[in-house]
Number of protein chains: 2
Amino acid sequence: MATKLYEQVADEIIARIEGGYYTAGQKLPSIRVLAQEYGVSISTVQEAYRIIEERGYTEVRPKSGHFVKARNSAPVLPDVSPLPQRPVKVSAWSNILNMLNADEAENMLNLGWAIPDLKSPTLKPLTRDLNDINRRLGMRSLSYDYVRGNKALRRQIARLGVDSGLQLHPDDILVTSGCQEALSSSLRAITQPGDIVAVDSPFYFGAVQTIEASGLKAIEIPSHPETGTSLEALELAFAQWPIKVLVLTPTCNNPMGYSIPEAHRPKIIELCNQHDIILIEDDIYGDLSFQYPRPRSLKSYDTEGRVILCSSFSKTLAPGLRVGWVAPGRYLDEVLHMKYVSSISTPTVSQMAVAEYVSQGAYERHLRKMRENYQRGRDIMIELIQRYFPEGTRMTYPQGGFVIWVVMPKAINTTELNNRVKQFGISFAPGELFTTTKKYKNQMRLNYTNCPCLEVEEAIRTIGQISKEMLLEA
Amino acid sequence: MATKLYEQVADEIIARIEGGYYTAGQKLPSIRVLAQEYGVSISTVQEAYRIIEERGYTEVRPKSGHFVKARNSAPVLPDVSPLPQRPVKVSAWSNILNMLNADEAENMLNLGWAIPDLKSPTLKPLTRDLNDINRRLGMRSLSYDYVRGNKALRRQIARLGVDSGLQLHPDDILVTSGCQEALSSSLRAITQPGDIVAVDSPFYFGAVQTIEASGLKAIEIPSHPETGTSLEALELAFAQWPIKVLVLTPTCNNPMGYSIPEAHRPKIIELCNQHDIILIEDDIYGDLSFQYPRPRSLKSYDTEGRVILCSSFSKTLAPGLRVGWVAPGRYLDEVLHMKYVSSISTPTVSQMAVAEYVSQGAYERHLRKMRENYQRGRDIMIELIQRYFPEGTRMTYPQGGFVIWVVMPKAINTTELNNRVKQFGISFAPGELFTTTKKYKNQMRLNYTNCPCLEVEEAIRTIGQISKEMLLEA
């Protein structure tokens, strides 16, 4: 893709902001002035300003112009996660059970579940679509839809794929009950118990559990907090172990929030090709990238059909619908088989409502709004952590999505901390959930979906206070 | 349970009908006359007549009275299915794929899928509930429900369990995405690849596929077409092989339609206790038993928590909702784990709508209507098969549900027959789908959901004609 003129202009202005040429609070030159300076049209600068704003560098003050946004003091990033060990058997189910039980308690503020904002007015058309389709279908809504998934929905998913550089046919896609079914059906389709799976570390606990439940062994590849999966460690692990599958969340990673740089992406595919490794790409947060356009998916670099792309509308729209999908490449039949065994098909009305919502363009409008909200939420959450958590706390700087990874001082065991804050009606996801070993004992994942919000501020203050007490005890 | 007076009266009248004392088309004595004869109250006879009608022996002609229904000439039953062989690896996925593909073809009359009647007016309150809940919840409908399932729904399922002799607490129950997820999560929770699972034979192809997908071996226990699972064969198999799990569909069996006699049920549990075998009871058709009250579940005889009861509303209400459940006994945590890995949770609105529908009593009303319709459908389907299929065709006499098992003359390969009738826009489920071996080559499962219906009669006529042509070729 050749870079568009307005993107070049946007990049130059961003470089000026990042270089300190324009500083926080400063008004940017007017569109007319800049158009003259760069020798481009008014509309090109308008588009460039739109992009810069979308990426969070500026804000528009009505009738005044574009101003450089005050940025937080840069968060202190955590270290690269530890080196890979031997492949190990997985078990952290009791921690998840604890989280499930906390979830069922009344009046619990749960900062551990990654639940998106469900109060945005941009979701209203979706509930209207659900109502309309229910009424229109009447009793036809009660029947099975196709095992492969509703056809209109698969068309829309194929169309959306273009944004991440994909050229999918609707028949390349299977609809699943959320991304979890996409992941578990895919893993089961291509592995035998005992097989070794490489995963980015820390990694999503649903995937941890799937690996355990399928009798697989995991080898964890360290992640850099900004650039993600270490290519060197990946190459080393591929050379050293008979790895069958690699599972990555390269875009808006859960739990760390990084997006793997564009330049690393084809290299990962090359490595998989060389070592004949199947890649499962979890793209569930991909459309919530703060960068626009969003990064290309790893699958878009795949020419051998070895990438299985798993995703869903659970993070971008609504988890209660349970509408996910998988594009299994050359493993389509095998994954269809496992999906059939898992639950046969996905509810009819949910699928049709999402198809309708996407085809109206409401999904793109909603995404724009959510990217904006979550970016603001991230900045506020970072401020709160910096203000209330003990000295020495570090955190990631998420490039999308709505979760952040926090590294507390070594003396704080976050599982213990989580148990203590529960009596104040607060819970989060302790680091131990995100690994097959015990290595993230002083880490945690928080979601910033609901920032700004006094209740969340109060909760962060409480977690900070209790952890300071724990430090004094230590 | 002591037999009620009206049940005694009903039994005596039924005995008279079956003994030929009252014959087809004959008017039964008036309620008043019979009350005098038996020395009971008018209301007792009314209740007895209601039961007799419900069991399909009589019909009410308005303002005329109760008449003995014309019964079909008794269907010729198939033999007991063959003896068990060695445990074998399972594979029939390509046949299922064929069925899925046929399903996606336009204008195909599919007699192979077991889809219930979705046109009954007794379902209207369900679509109304869906609409109401969608409107009432608005955007709250978009959130996850509990991983264990909606609480109101679990209360209703526990209440319904009383009908099959169960005393369940809502916390004993997990909601799943249909019975398929209940089955696959249960099997995965309690087995390791290579384990041996005993199953009734022929058995539901979704279970066949689950066993294959989980890397298990199956040993098939022969079934009598009227009494089901052979106790002798079961005992023999338990003694001979290191069987881990037994999977049965004891009530309104799919595909044969039998219900295991009440007297055999505690014996099956005893055998499982003796050999320390876990029993998965698939009760998905149980509430559609033509006998009223319905047979007690096997689980109701279990005192050790070793029975995992799997069921759903997919056959009794609507498959498109994907609302099933499992009562896993002592394996609750393990099954919850697998259910979480499989798809996390079940859509919120479907669960709430079913809970509402059941709590209003609409479910029981719907069941009464469905039992009546399906019983009529069975009788018509048997007539059609007797009229159109080749001489020597045998079939089961289902005690509930809406599928029938047909045994054609040996020379007819039903997979081949199925391929031939597809060009006439008809498909059914060939026998090979229901076994791990090749033994049901001349058998098929048909559903009689839509009987009476000219299109179905035409389809049966066509299948019969093509199969007669195949016989001539043979």
Side-chain angles (χ1 to χ4, degrees), chain A residues 93 96-97 100 103-104 113 115 118-120 123-124 126-127 130-131 134-135 137-148 176-178 180-181 184-185 188 192-193 206 209-210 212-215 314 317-322 333 336-338 340-350, chain B residues 93 96-97 100 103-104 113 115 118-120 123-124 126-127 130-131 134-135 137-148 176-178 180-181 184-185 188 192-193 206 209-210 212-215 314 317-322 333 336-338 340-350:
Chain A
W93 174 234
I96 309 250
L97 258 185
L100 298 186
D103 187 44
E104 295 201 15
W113 290 113
I115 295 187
L118 297 173
K119 297 191 195 97
S120 169
L123 280 175
K124 275 200 183 130
L126 180 59
T127 61
L130 280 164
N131 284 334
N134 252 318
R135 250 200 315 273
L137 284 189
M139 276 152 52
R140 274 179 299 141
S141 74
L142 303 175
S143 187
Y144 281 117
D145 212 316
Y146 296 118
V147 172
R148 293 169 200 271
T176 57
S177 295
Q180 181 63 34
E181 187 174 69
S184 60
S185 299
R188 281 174 168 147
Q192 301 290 326
Q209 289 307 310
T210 308
E212 183 193 358
S214 311
S314 296
L317 279 181
L321 301 170
R322 311 305 303 126
D333 282 355
L336 175 61
H337 187 185
M338 286 299 163
Y340 172 84
V341 164
S342 170
S343 71
I344 301 183
S345 69
T346 305
T348 311
V349 176
S350 310
Chain B
W93 174 235
I96 310 249
L97 257 185
L100 297 187
D103 186 42
E104 295 201 15
W113 291 112
I115 295 188
L118 297 174
K119 298 193 194 98
S120 170
L123 279 175
K124 275 201 183 132
L126 181 58
T127 61
L130 279 165
N131 284 333
N134 252 318
R135 249 199 315 273
L137 284 189
M139 275 151 55
R140 275 180 299 141
S141 73
L142 303 176
S143 188
Y144 281 117
D145 211 315
Y146 296 118
V147 173
R148 293 167 201 273
T176 57
S177 295
Q180 180 63 34
E181 187 174 70
S184 59
S185 298
R188 282 175 168 145
Q192 300 290 325
Q209 289 307 311
T210 308
E212 182 192 357
S214 312
S314 297
L317 278 181
L321 300 171
R322 312 306 302 128
D333 282 354
L336 176 61
H337 187 185
M338 287 297 163
Y340 171 83
V341 164
S342 171
S343 71
I344 302 183
S345 69
T346 303
T348 311
V349 176
S350 310

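Only heavy atoms go into these numbers, but all of them, side chains included; no hydrogens, no water, no symmetry mates. Residue numbers begin at 1 in each chain, while the letters A, B, ... track the order of the sequences.
- Highest contact tally toward chain A, considering only B:Ser177, B:Gly138, B:Gly178, B:Ser143, is held by B:Ser143 [criterion: heavy-atom pairs under 4.5 Å].
- Between B:Ser342 and A:Ser342, the side chains place a donor N or O and an acceptor N or O closer than 3.5 Å (distance only, hydrogens not considered).
- Ranking B:Thr348, B:Ile344, B:Thr176 against chain A, the residue ahead of the rest is B:Ile344, based on heavy-atom pairs under 4.5 Å.
- Using a 4.5 Å cut-off between heavy atoms, A:Ser343 touches chain B through backbone and side chain atoms alike.
- When the options B:Val349, B:Asn134, B:Leu137 are evaluated for a side-chain contact (heavy atoms from CB on, under 4.5 Å) with A:Leu130, the one that passes is B:Asn134.
- Annotation: side-chain hydrogen bond (donor to acceptor under 3.5 Å, both in side chains) contacts of A:Ser120 (sequence neighbours excluded): A:Thr122.
- Contact of B:Leu126 with chain A is made through the side chain alone, with heavy-atom distances under 4.5 Å.
- Looking at B:Arg135, both its backbone and its side chain come within 4.5 Å of chain A, counting heavy atoms on both sides.
- Interface residue B:Met139: backbone and side-chain heavy atoms are both found under 4.5 Å from chain A.
- A heavy-atom distance below 4.5 Å is not found between the side chains of A:Glu212 and B:Val341.
- Contact count against chain A (heavy-atom pairs under 4.5 Å) is highest for B:Pro347 among B:Ser350, B:Pro347, B:Pro193.
- In this structure, no portion of B:Ser214 lies under 4.5 Å from any heavy atom of chain A.
- Looking at A:Thr346, the atoms closer than 4.5 Å to chain B (heavy atoms on both sides) all sit in the backbone: N, CA, C or O.
- For the residue pair B:Tyr340 and A:Gln180, the shortest heavy atom distance occurs at O-CG, 3.6 Å.
- No other option in B:Glu181, B:Met338, B:His337, B:Lys119 has as many heavy-atom pairs under 4.5 Å with chain A as B:His337.
- Heavy-atom pairs under 4.5 Å with chain B were tallied for A:Leu123, A:Asn131, A:Thr210, A:Leu317; the largest tally goes to A:Asn131.
- Annotation: side chain of B:Leu321 is in contact with side chain of A:Leu142 (closest heavy-atom distance under 4.5 Å).
- By the side-chain hydrogen bond (donor to acceptor under 3.5 Å, both in side chains) test, A:Ser141 is found to be paired with no residue, residues two or more places apart in sequence or in another chain being considered.
- The shortest non-hydrogen separation linking A:Arg322 to B:Ser345 is NE-O, 3.0 Å.
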